[in-house]
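Written out below as structure tokens is the structure these notes cover.
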Amino acid sequence: MSTRPTLAEMKLQCRIDYDFDDSLLEMYEKGAFKYIESYINREIITDDSKELTDNQIRFTDELKIAELMIISSYYSNREAVSSTNMNIVPMAAQSILEMYR
């Protein structure tokens, strides 16, 4: 099972080499994780030892990739002022999430 993105992984994905936005990235990670759970309408479990119910799924490498893409999109569009210049979820991330619906 995969682990949720680390701060270092998020910074690499967003091409950030400074610490100023660390807390912002951590907020985006939480938001992206919740977005994925909502989108696939399933609870994502990160604990390997927990037994799954019917509406639960383990966190996979594919979901981690999707989450990193969403975090990057959130970061890139953090100053968007209208819906026309804001692409919340990249199509590649959405394609990954569709597999889990």
Calculate, to the nearest 0.5 Å, the distance between atoms [atom1] and [atom2] belonging to [X] and [Y] respectively.
X	Y	atom1	atom2	answer
Arg78	Cys14	CZ	SG	8.5 Å
Asp21	Met10	CG	CE	11.5 Å
Tyr74	Glu67	OH	CD	9.5 Å
Asn55	Leu52	CG	CG	10.5 Å

Quick one: side-chain contact (heavy atoms from CB on, under 4.5 Å) partners of [X], sequence neighbours excluded?
X	value
Met27	Leu24
Phe20	Tyr18
Asp19	Lys11, Asp22
Ser95	none

For Tyr100, which of Asn41, Ile44, Ile40 qualifies under side-chain contact (heavy atoms from CB on, under 4.5 Å)? Ile40

Residues in side chain to side chain donor-acceptor pair (under 3.5 Å) contact with [X], at least two apart in sequence or another chain:
X	answer
Thr53	Gln56
Ser38	none
Glu29	Arg4
Glu26	none

Tell me, which pairs form a salt bridge (charged side-chain N to carboxylate O under 4.0 Å, His left out) where one or both residues lie in residues 90-101, sequence neighbours left out? Glu98-Arg101

Give the intermediate values and the outcome of side-chain contact (heavy atoms from CB on, under 4.5 Å) for residues Ile96 and Met99. CA-CA 6 Å; Ile96 292 170; Met99 296 186 304; 4.1 Å; yes

Ignoring hydrogens and angles, tell me if any N or O in the side chain of Arg58 forms a donor-acceptor pair with the backbone of Asp47 under 3.5 Å. yes

Are the side chain of Lys64 and the backbone of Thr3 linked by a donor-acceptor contact shorter than 3.5 Å? yes

If I compare all heavy atoms of [X] with all of [Y], which pair ends up nearest, and what's the gap?
X	Y	value
Phe59	Pro5	CZ-CD, 4.2 Å
Met69	Ala92	SD-CB, 3.7 Å
Ala66	Ile36	C-CD1, 4.4 Å

Side chains of Ser72 and Tyr28, donor plus acceptor under 3.5 Å: no

Apply salt bridge (Lys or Arg N to Asp or Glu O under 4.0 Å) to Lys34 and list each qualifying residue two or more places apart in sequence or on a separate chain. Glu37

So Leu25 and Leu7, side-chain contact (heavy atoms from CB on, under 4.5 Å) or not? Walk me through it. CA-CA 7 Å; Leu25 288 174; Leu7 183 57; 4.1 Å; yes

Side chain proximity check, Tyr75 to Ile16, heavy atoms < 4.5 angstrom: yes

What's the verdict on side-chain contact (heavy atoms from CB on, under 4.5 Å) for Ser2 and Thr60, showing C-alpha distance, side-chain angles and the deciding distance? CA-CA 5 Å; Ser2 189; Thr60 63; 5.5 Å; no

Set of residues satisfying ring-ring contact (aromatic ring centres under 6.0 Å, His included) with respect to Tyr39, sequence neighbours excluded: Tyr35

Show your reasoning for whether side-chain contact (heavy atoms from CB on, under 4.5 Å) applies to Leu97 and Leu63. CA-CA 7 Å; Leu97 299 180; Leu63 291 174; 3.8 Å; yes

